[in-house]
Amino acid sequence: MIIIRFPDSASGQMLENLSGKQREIYNELDNSLTMFEYDTTFQLIFDIYLREKIIEAALKLKEASVAFTSFKYSRFNPVYWTKGPMGYLLNPNVLPSDAIQDIYENGQQYAFECSTAMVIIFYKAVLDSIRLSDFNYLFRGLLVWNWNYDPDLAIITLEGNEFIPGDVVYFMNPDFEKPIWRGENAVVLGNGLYYGHGIGIGTAEEMINALNTLRKRGSTVSAFMLKQHSRLNFKYLSQFSK
């Protein structure tokens, strides 16, 4: 359910003109049992736009030829990033926007696991949604690996099994054979599809079936989707909107 405290007619007209993925996201928000509260109509429009950019960033990452691997065998373009014990740190005098964009333009120089992929997708979506100067100010000194992220990225993780396109969910694999396959983080694409780095695009059943092939030999404990989801704090980020 959508609740807008101070609706305005100008932004309301924009809502009426939504189509495609944006309309799908709006309908999912409005039909949800969860209350999505916005101070203004503009905040709602920004939330919809940001979610669309998350989905686009996920699909673009899939096409970027980034390899899937553990931290031990990971790689990032050394022009932009330096590997340390906790992850990859942005090099001095490098713009965060250039470093994130390089992952998408030179994906063959990168290799990382699925949680890192989700954070990078979030960064890319925010880069495409807010003012460039604000992005480079907010995210200077980036450290990227696993769920390490700058506080200004404002990721919120909530319990519940109601997901909206643009959310990130987690498929748990309790009897994994190799630690890198203990589970799969995935972006909710809409229409019953998910994207997870390392598995690709599929339904929830297909994600679970893929993880079940990566269990210990003889295991009978199936992978499953956790009842939780992560999303960006649209209210905070909307103040930097283009």
Side-chain angles (χ1 to χ4, degrees), residues 53-91 94-128 139 141-150 153 155 166-189 193-217 223 225-226 230:
K53 290 302 177 184
I54 291 169
I55 294 166
E56 290 177 0
L59 297 176
K60 288 176 181 176
L61 188 67
K62 179 181 181 296
E63 302 301 323
S65 300
V66 176
F68 176 81
T69 193
S70 63
F71 186 63
K72 180 178 180 180
Y73 301 105
S74 64
R75 62 180 184 272
F76 274 52
N77 187 344
V79 172
Y80 296 95
W81 307 89
T82 296
K83 188 175 186 178
M86 299 298 293
Y88 286 85
L89 184 65
L90 193 68
N91 289 340
V94 169
L95 290 175
S97 58
D98 291 341
I100 294 298
Q101 191 62 34
D102 186 68
I103 299 171
Y104 283 81
E105 294 178 355
N106 297 294
Q108 68 280 359
Q109 297 196 46
Y110 293 83
F112 43 73
E113 41 66 76
C114 65
S115 55
T116 300
M118 298 299 107
V119 174
I120 287 170
I121 286 168
F122 278 155
Y123 277 125
K124 172 61 171 166
V126 174
L127 173 59
D128 292 341
F139 301 120
L142 276 185
L143 175 68
V144 174
W145 190 263
N146 203 332
W147 280 104
N148 291 317
Y149 59 87
D150 190 287
L153 193 58
I155 297 175
D167 286 347
V168 166
V169 296
Y170 187 67
F171 294 90
M172 176 78 77
N173 188 21
D175 270 357
F176 59 89
E177 183 175 8
K178 297 180 180 179
I180 197 170
W181 289 115
R182 67 176 65 247
E184 178 79 341
N185 293 279
V187 175
V188 181
L189 301 178
L193 293 176
Y194 303 82
Y195 167 71
H197 179 57
I199 291 181
I201 295 174
T203 63
E205 182 180 6
E206 288 169 336
M207 290 286 176
I208 290 169
N209 289 341
L211 288 173
N212 283 344
T213 68
L214 300 163
R215 294 178 294 179
K216 297 174 183 176
R217 182 174 298 180
M225 183 192 291
L226 283 185
S230 298

### Glu63 bridged to Lys60 by N-O distance under 4.0 Å
no
### Message
Among residues at least two apart in sequence or on other chains, which ones pass side-chain hydrogen bond (donor to acceptor under 3.5 Å, both in side chains) with Ser65?
### Response
none
#### Entry: Phe112 and Phe76 aromatic ring geometry - parallel, tilted or perpendicular at 30°/60° bounds
tilted
### Query
Going by heavy atoms in the side chains, are Gln101 and Lys124 under 4.5 Å from each other?
yes
### Summary
Residues at least two apart in sequence or cross-chain that pass salt bridge (Lys or Arg N to Asp or Glu O under 4.0 Å) with Lys62, listed by chain then number, are none
### Message
Just to verify, what does Phe68 make a ring pair (Phe, Tyr, Trp, His ring centres under 6.0 Å) with, not counting sequence neighbours?
### Response
Trp181, His197
### Task
Evaluate whether atom CD of Glu105 has more than 12 neighbouring non-hydrogen atoms of other residues, nucleotides or ligands under 6.0 angstrom away.
yes
### Task
Output yes when a side-chain donor or acceptor of Arg75 lies under 3.5 Å from a complementary backbone atom of Gln108, and no otherwise.
yes
### Task
Just jot down the side chain to side chain contact (heavy atoms under 4.5 Å, CB included) partners of Ser74, sequence neighbours excluded, or say none.
Thr69, Phe71, Lys83, Tyr88, Trp145
### Task
Using the test ring pair (Phe, Tyr, Trp, His ring centres under 6.0 Å), find all partners of Tyr123 that sit at least two apart in sequence or belong to another chain.
Phe139
### Message
With side chain to side chain contact (heavy atoms under 4.5 Å, CB included) as the test, pick out the partner of Tyr195 among Ile121, Val168, Ile55, Val188.
### Response
Ile121
## Note on the structure
Contacts of Ser115 meeting side-chain hydrogen bond (donor to acceptor under 3.5 Å, both in side chains) (sequence neighbours excluded), chain-then-number -> Glu113, Asn146
